[in-house]
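Remember, it's 1-based here, ligands and their atoms both numbered in the order they're listed.
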Amino acid sequence: MSVKENLRQVRGSIPEGVELVAVSKFHPVEALQEAYDEGQRVFGESRANELVAKAKVMPVDVKWHFIGHLQTNKVRQILPYVSLVHSVDSEKLLRLIDSESVRAGKVTDVLLQLHVAKEETKFGFAPEELTELSATGIFSELTGVNVIGVMGMASNVDDENRIRDDFREIRRTFDSLGASAFDGKDDFRVVSMGMSHDWHIAVEEGGNMIRIGTSIFGEREY
Ligand SMILES: *Cc1c(COP(=O)(O)O)cnc(C)c1O
């Protein structure tokens, strides 16, 4: 099936209120353009150079989301193009995006990446780390970053219960932050979880932003 058909099918099956990030990493701009022509505006990329290269040639109203591990030496490079960074996985990175944004005279929307899966990525905050960090008052202190939610991935396993537990933990952490550090902050509202193979479960467990690559663009060739 074509990108257009795939996109239509995915769109047709996601509930209202769930935002779709089309994960276009490793796919050529022609494929992105096809999705764009079908109305898609939010694209997810995981490498800084690739995001910048694509942003330079794609229409300017695309919203670029950075979803991969962000190296500190790439922050300045992507800031002019990125509309949301999903993958803030350390205090150091958070502070750097803040200072670079202030320097550029902008405020950058970010999500805090949680690490709940038992294996897979080593990146992200453990839920209790985030609770401790938020107690320091850092989130109200920083003026160059606007924390609008959390992002996470489930364990890469077949056991649906394990996956569901991971998504529940991400949602629970979001709710707990929303009732503490971000209490009363209306734009703290994004729970980014779910990929091609597990987004149904993520949405059932309270995810409201899903990151879909393969089901739209096909398999990636690394
Ligand atoms: C690649 C990637 C996705 C998309 O994965 P698919 O299985 O192709 O849908 C989602 N989230 C992150 C963080 C990714 O790196």
Side-chain angles (χ1 to χ4, degrees), residues 1-14 18-29 31-32 34-35 38 40-52 54 62-71 74 78 82-90 93 97 109-125 148-158 160 162-164 166-167 169-171 173-174 190-222:
M1 284 214 296
S2 69
V3 169
K4 280 184 188 193
E5 286 167 324
N6 290 341
L7 187 58
R8 268 188 228 139
Q9 194 162 69
V10 171
R11 283 240 193 81
S13 57
I14 61 178
V18 174
E19 183 162 6
L20 173 64
V21 178
V23 176
S24 48
K25 62 186 184 195
F26 295 95
H27 291 287
V29 285
L32 281 72
E34 232 187 296
E38 194 55 34
Q40 184 66 26
R41 291 295 178 271
V42 181
F43 291 86
E45 289 286 337
S46 62
R47 298 186 305 182
N49 296 345
E50 190 176 343
L51 185 152
V52 171
K54 286 173 172 172
V62 166
K63 291 194 170 13
W64 297 100
H65 287 196
F66 194 82
I67 63 169
H69 175 61
L70 181 54
Q71 290 169 296
K74 302 283 182 171
I78 68 160
V82 84
S83 84
L84 179 62
V85 179
H86 288 232
S87 43
V88 172
D89 55 10
S90 70
L93 181 60
I97 296 172
D109 285 343
V110 301
L111 304 178
L112 302 168
Q113 182 173 353
L114 282 162
H115 180 200
V116 299
K118 311 303 175 264
E119 11 63 13
E120 277 300 278
T121 173
K122 54 192 181 297
F123 299 117
F125 297 97
I148 63 168
V150 300
M151 182 271 247
M153 276 176 261
S155 303
N156 188 14
V157 293
D158 290 330
E160 198 182 303
R162 271 276 296 281
I163 296 173
R164 195 174 289 282
D166 288 343
F167 286 142
E169 194 173 355
I170 294 164
R171 177 69 207 205
T173 308
F174 168 79
V190 176
V191 183
S192 166
M193 58 187 196
M195 313 175 19
S196 291
H197 68 286
D198 60 11
W199 70 263
H200 290 92
I201 308 172
V203 168
E204 280 169 16
E205 296 304 332
N208 56 26
M209 187 177 277
I210 57 177
R211 308 177 307 269
I212 308 289
T214 309
S215 297
I216 297 173
F217 297 106
E219 296 290 338
R220 287 176 288 274
E221 284 174 34
Y222 292 100

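- Using a 4.0 Å cut-off between charged side-chain N and carboxylate O, R164 and E205 make a salt bridge.
- Partner T173 forms a side-chain contact (heavy atoms from CB on, under 4.5 Å) with one of V150, L112, L114 and no other, that one being L114.
- When N156, T214, I212, I67 are checked for heavy-atom proximity to atom 13 (C) of ligand 1, I67 turns out nearest.
- Contact of the F217 side chain with the N6 side chain is not registered, since no non-hydrogen atoms from C-beta on lie closer than 4.5 Å.
- Taking the centre and axis of the six-membered ring of F26, the NZ or CZ atom of R47 falls inside the cone set by 45° and 6.0 Å.
- If you number the atoms of ligand 1 from 1 as listed, the ones under 4.0 Å from a heavy atom of G213 come out as 4 (C), 6 (P), 8 (O), 9 (O).
- Of the protein's heavy atoms, R211 NE, 2.8 Å lies nearest to atom 11 (N) of ligand 1.
- Contact analysis leaves H86 out of contact with ligand 1, as no non-hydrogen atom separation drops below 4.0 angstrom.
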Is there a side chain to side chain donor-acceptor pair (under 3.5 Å) between E219 and T214 once you walk through the steps? CA-CA 5 Å; E219 296 290 338; T214 309; 4.9 Å; no

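- Of the N or O atoms in S215, none lie within a sub-3.5 Å distance of an N or O in ligand 1.
- Heavy atoms of S196 found under 4.0 angstrom from ligand 1 belong to the backbone as well as the side chain.
- Among protein heavy atoms, the minimum distance from atom 5 (O) of ligand 1 is reached at M195 CE, 3.5 Å.
- Ligand 1 has no nitrogen or oxygen under 3.5 angstrom from a nitrogen or oxygen of S46.
- Only the side chain of K25 comes within contact range of ligand 1, with a heavy atom under 4.0 Å; no backbone atom does.
- With R211 as the fixed residue, the side chain to side chain donor-acceptor pair (under 3.5 Å) test singles out one of S192, S46, S196: S192.
- Contact of the K74 side chain with the N49 side chain is registered, since non-hydrogen atoms from C-beta on lie closer than 4.5 Å.
- Distances below 4.0 Å separate heavy atoms of M153 from the following atoms of ligand 1: 13 (C).
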